[in-house]
Amino acid sequence: SCGAPSPEKTVSSVKSTVDNLSAVCSCKGVRVTLDNNNMWNEFYRCNTEMILTKQGRRMFPYCRFRISGLEHFQRYILVMDINPVDNVRYKWNGQFWEACDKAEPHILGRVFIHPESPSSGHYWMQQPVSFYKLKLTNNPLDPDGHIILHSMHRYLPRLHIVPADKTTEVIQLSGPEVMTFTFPQTEFFAVTAYQNLRITQLKIDYNPFAKGFREEGQCCRPSKPKLESSSDLEGSEAKSVLSAIDLSKSGTKVNVDGVKLPLKTLKSLFHTNEPPDELLDQEFFNNKDYDIGLMENNPLFNTRHETENKSSW
DNA sequence: TCTCACACCTTTGAAGTGG
DNA sequence: CCACTTCAAAGGTGTGAGA
């Protein structure tokens, strides 16, 4: 799998603006592409921050992958977890991040299982896979199964692809059959309030839920450079037609660094009252590469948002 | 550094409408 | 029935004051 970036004691507030980090990570013949790579890179250059709240906060940007190289009829479980990048606690000095202390111990055992899991390789490969429902919390006693992180620490998300229909009841994410993928540009600082104003502005610019804070109209803010790829847009969703798979029959457990959790329990923790059909991203439909065929194939395609958002995104 | 109420926004899905 | 529209509720945002 791809390597993590080397930890630095101080983190420049502005990284190189020349090149994007690679959108591709391969493992055992399986190729995973970070679909919204341009947006991740734009945030990464300013040192991405993700808000932690007691009740759980979504990530923005969130992780969205395109996968190829899976066996079509093999079933897989897709799992995300978030690991510390280093053993350091940071502080924001008004200009950049700097190391200030030893890290709090990482809280193990919390992962996010993609709600479509398990599904066939064919299924995972036919459209981008989004993890926008993953939530982060700073509540060590969080009852909702969200991923628990420490504020002012630095983290890197990981994607694990786990072959599913083995007879074994316990899956070890460090096991030999598990494929793990990381993308350095998805690294972030966990915070309870934004530190860097540039990050706040990027969130406001790109997250549709923060539209209320944008300065629209004639004057005001200088127009920012727009992301070149429409596939980087994210936030809105449309329904797709997917088959429901009853996870509760599998009885599979997930072993996260020694903590074994029944898959059934995790599923109910993370996705209570979720319909089996998953939601895909708006920009997925906006992307011309996907428009061909997808609209024909998907009777639930909803054009309402497309026209509405194209201008402002 | 963290939490909370808040205004503002998007998303969702039920109800309504017309063919 | 189906496709489409309308509308209100639910829920995702950053803010800013206060702890």
Side-chain angles (χ1 to χ4, degrees), chain A residues 36 39 43 46 48-64 88-94 97-104 112 115 130-142 144-154 188-217 220-221 224 233-242 270-286 295-296 298-313:
Chain A
N36 46 355
M39 186 182 291
F43 277 80
C46 301
T48 312
E49 297 171 27
M50 297 291 177
I51 294 280
L52 310 178
T53 65
K54 195 175 172 182
Q55 78 275 16
R57 192 79 149 193
R58 290 185 180 181
M59 290 170 63
F60 190 91
Y62 55 83
C63 290
R64 189 177 63 245
V88 172
R89 181 189 178 91
Y90 288 86
K91 68 177 178 185
W92 174 254
N93 67 7
W97 289 96
E98 57 185 18
C100 73
D101 216 342
K102 190 172 182 293
E104 299 282 321
F112 181 89
S130 290
F131 287 84
Y132 66 93
K133 283 190 177 173
L134 184 157
K135 283 189 175 180
L136 309 177
T137 183
N138 60 344
N139 178 11
L141 303 175
D142 167 70
D144 299 316
H146 300 140
I147 291 179
I148 302 167
L149 302 179
H150 297 297
S151 184
M152 313 309 277
H153 288 54
R154 197 179 176 192
F188 63 87
F189 289 88
V191 297
T192 55
Y194 290 126
Q195 306 295 305
N196 185 349
L197 284 174
R198 297 183 60 189
I199 289 295
T200 310
Q201 196 56 54
L202 283 175
K203 302 256 183 178
I204 290 170
D205 286 344
Y206 290 132
N207 191 334
F209 288 109
K211 200 173 182 177
F213 300 99
R214 292 180 196 165
E215 297 177 29
E216 311 284 358
C220 311
R221 210 161 44 80
K224 61 178 299 309
L233 304 179
E234 59 186 310
S236 311
E237 300 104 15
K239 268 208 156 179
S240 66
V241 185
L242 304 172
F270 298 139
H271 313 296
T272 50
N273 301 323
E274 278 312 313
D277 288 358
E278 201 36 86
L279 305 167
L280 291 177
D281 305 318
Q282 157 81 45
E283 74 285 7
F284 163 56
F285 297 101
N286 281 347
M295 290 175 69
E296 299 162 10
N298 191 340
L300 289 185
F301 176 71
N302 187 342
T303 57
R304 179 168 48 128
H305 307 294
E306 190 191 27
T307 49
E308 185 181 331
N309 284 342
K310 239 168 191 168
S311 54
S312 59
W313 283 69

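We name chains A, B, ... by the order of the sequence lines, and we start the count at 1 in each one.
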(Q) Using whole Å, what does the distance between atom P of nucleotide C/dG14 and atom OH of A/Tyr206 come to? (A) 15 Å
Q. Closest heavy-atom contact between A/Glu98 and A/Asn93?
A. OE1-ND2, 3.4 Å
Q: Using atom NZ of A/Lys133 as one end and atom P of C/dA10 as the other, report the distance to the nearest whole Å.
A: 17 Å
Q: Using atom CG of A/Leu52 as one end and atom C1' of C/dT13 as the other, report the distance to the nearest whole Å.
A: 16 Å
Q. What residues form a ring pair (Phe, Tyr, Trp, His ring centres under 6.0 Å) with A/Phe189, not counting sequence neighbours?
A. A/Tyr90, A/Trp97
Q) Which word best sums up how the rings of A/His153 and A/His150 line up, parallel for under 30°, tilted for 30 to 60°, or perpendicular for over 60°? A) tilted
Q) Through what angle, rounded to 10 degrees, does the axis of the helix from B/dT1-C/dA19 to B/dG19-C/dC1 turn between its ends, using five pairs per end? A) 10°
(Q) I want to check one thing: is the phosphate of C/dG12, taken as OP1 and OP2, less than 4.0 Å away from some side-chain N or O of A/Lys135? (A) yes
Q | Residue-phosphate contact under 4.0 Å: A/Gln195 side-chain N/O, B/dT1 OP1/OP2 | A | yes
**Q.** With A/Glu49, the side chain to side chain contact (heavy atoms under 4.5 Å, CB included) member among A/Phe43, A/Tyr194, A/Phe188
**A.** A/Tyr194
Q: Starting from P on B/dT1, measure out to NE2 on A/His153 and report it in whole angstrom.
A: 12 Å
**Q.** A/Asn207 side chain near B/dC9 phosphate (N/O to OP1/OP2, under 4.0 Å)
**A.** no
Q) Less than 3.5 Å between a donor and an acceptor, one on the side chain of A/Arg57 and one on the base of C/dG14, is that the case here? A) yes
**Q.** A/Ile147/A/Leu134 under side chain to side chain contact (heavy atoms under 4.5 Å, CB included): CA gap, chis, key distance, verdict
**A.** CA-CA 8 Å; A/Ile147 291 179; A/Leu134 184 157; 3.9 Å; yes
Q | Short side-chain N/O contact to B/dT10 OP1/OP2 from A/Lys211, under 4.0 Å | A | yes
Q: For A/Gln195 and A/Met152, run side chain to side chain contact (heavy atoms under 4.5 Å, CB included): C-alpha distance rounded to whole Å, both residues' side-chain angles, the deciding distance at 0.1 Å, then the answer.
A: CA-CA 10 Å; A/Gln195 306 295 305; A/Met152 313 309 277; 4.2 Å; yes
**Q.** Between B/dC2 (C1') and A/Arg89 (CZ): distance, integer Å
**A.** 11 Å
Q: Whole angstrom is fine here: how far is it from CD in A/Gln55 over to P in B/dC4?
A: 8 Å
Q.
If you compare every side-chain N and O of A/Ser151 against the phosphate oxygens of B/dC2 (OP1, OP2), does one of them come in below 4.0 Å?
A. yes
Q. In whole Å, what is the span from the CZ atom of A/Arg58 to the P atom of B/dT10?
A. 15 Å
Q: Using whole Å, report how far CD1 of A/Ile204 lies from P of B/dA7.
A: 18 Å
Q) Which nucleotide, B/dT3, C/dG14, C/dG11, lies nearest any side-chain atom of A/Phe209? A) C/dG11
**Q.** CE-CD1 distance between A/Met50 and A/Ile199, expressed to the nearest 0.5 angstrom
**A.** 8.5 Å
